[in-house]
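Small disclaimer: the values here were computed from a predicted structure and weren't measured. Naming convention: chains lettered A, B, ... in sequence-line order (proteins, then strands); numbering from 1 in each chain.
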Number of protein chains: 2
Amino acid sequence: MTNDMEALDRSREGPDILHSAGFLLSTAGRLARERFERAIAPLGLRARHFGVLLALATHGPAPQGEVADEAWMDKSTMVAVVDDLERWGLVERRRSAQDRRMYELVINERGREKLAEALEVVARSEDEWLGPLSPEERELLRGLLARLLYAPGGLLRGREGGEE
Amino acid sequence: MTNDMEALDRSREGPDILHSAGFLLSTAGRLARERFERAIAPLGLRARHFGVLLALATHGPAPQGEVADEAWMDKSTMVAVVDDLERWGLVERRRSAQDRRMYELVINERGREKLAEALEVVARSEDEWLGPLSPEERELLRGLLARLLYAPGGLLRGREGGEE
DNA sequence: TATTGTTATACTCTATAACTATA
DNA sequence: TATAGTTATAGAGTATAACAATA
């Protein structure tokens with residue numbers, strides 16, 4: 001109890017910027033990302049692999065460059081990621097019949113199973129670090145963040161800030 | 001009934017990790033960090049310089065290694081940052097009289113002015129991308145994030161996750 | 001000539017360890 | 001011997017540009 005109060009007090013100390021939305025957001029975001037990486041590491045995956053598997057499972061087979069864009073990755077970075085996934089037997093490269101420059105990237109059954117495992121593990125991890133918030137507060141947080149990102153003038157849609 | 005609708009939506013849109021707190025948080029955090037860097041760039045500062053100036057302005061003169069810890073920086077990384085700040089005439093290295101291995105790192109008047117400029121510019125930038133949220137909602141967001149970080153079991157204090 | 005995927009390269013960031021000068 | 005700051009180095013990550021095959 002005393003510790004709780006001290007921690008909360010510490011977060012209120014000092015110049016305003018330490019409790020500014022920007023500082024809190026970027027700090028929390030970095031730590032959330034680290035938790036995510038740590039959660040899926042035992043499955044032998046990194047965040048990029050996860051992102052590609054998710055994109056393929058969600059939007060079906062797609063050319064390599066398109067998936068790279070969707071996962072906010074450069075096409076050159078993508079090569080090694082798909083190399084990994086293919087070597088691990090989770091994804092297949094199939095030359096497109098219509099345009100032989102392209103691949104159709106296909107997630108297979110093992111890939112879907114791996115993704116399902118990862119989703120479960122990540123959900124458990126989130127549930128852990130979201131502990132301080134009640135279900136209603138978590139929902140509130142998700143709503144605020146979604147608007148912050150996607151509403152006009154927000155982080156993803158303000159000026160030239162958009163990446164995708 | 002709301003739950004039925006949600007389940008239905010989820011079945012149409014695929015995995016809902018894209019609206020999970022973790023994904024939203026790490027995405028928003030990364031973008032907030034980018035906005036921050038972009039906001040202070042015209043002043044010739046990077047985030048690390050800002051962090052050091054802020055630490056020195058807040059906690060007064062301190063040895064270099066101590067400030068490094070405070071800014072979550074390695075002491076070796078810190079060297080170049082202080083080199084910059086000294087070259088720009090914002091901070092001074094003074095050998096400690098008690099222990100001549102140590103410096104006393106001191107922010108000077110120019111440093112304080114630069115920091116004040118930076119704080120103003122950053123506040124304006126935040127005000128811009130926080131546009132989608134009302135003042136009450138911003139306050140709500142800050143509170144949720146602070147608890148997420150500092151409450152027991154949260155991102156900064158769960159298990160061995162703590163860096164500081 | 002333009003585009004897909006690939007490779008090579010360079011640049012940033014950071015962490016590690018060795019070194020110096022003090023203690 | 002231990003510590004503060006420094007330097008050198010190596011690793012990860014990522015972005016850029018050149019390249020081959022195909023359109």
| Do A:E113 and A:R110 sit within salt-bridge range, that is, some charged N less than 4.0 Å from a carboxylate O? | no

| message | So, using salt bridge (Lys or Arg N to Asp or Glu O under 4.0 Å) as the criterion, who are the partners of B:R93 when residues are at least two apart? | response | B:D83, B:E86

| Salt bridge check: are A:E137 and B:R147 linked by an N-O gap of less than 4.0 Å? | yes

| cation_pi(A:R94, A:Y103) dist<6.0 Å, angle<=45 | no

| message | Walk along nucleotides 8-19 of chain D from 5' to 3' and tag each nucleotide B, S or - by protein heavy-atom contact under 4.0 Å, base first, then sugar-phosphate. | response | -----S--B---

| field | Lys/Arg N to Asp/Glu carboxylate O, B:D127 vs B:R124, below 4.0 Å | value | no

| request: Hey, could you give me the OG/CG distance between A:S20 and A:L25, rounded to the nearest 0.5 Å? | output: 9.0 Å

| said: Let's see if you get this right: which residues in residues 96-105 of chain B place a heavy atom under 4.0 Å from DNA chain D? | reply: B:R101, B:M102, B:Y103

| field | Whole angstrom value for the distance that separates C1' of D:dA4 from CG of B:D69 | value | 12 Å

| Side-chain touch B:L105/B:E92, heavy atoms, less than 4.5 angstrom | no

| task | Would you kindly give the CD-to-C1' distance between B:E34 and C:dC13, to the nearest whole Å? | result | 15 Å

| message | Tell me if the aromatic rings of B:F23 and A:F36 count as close, with their centers under 6.0 Å from one another. | response | no

| field | For atom CZ of A:R30 and atom P of C:dC13, their distance in whole Å | value | 15 Å

| message | Is the phosphate of D:dA4 approached by B:R93 (side-chain N or O, under 4.0 Å from OP1 or OP2)? | response | no

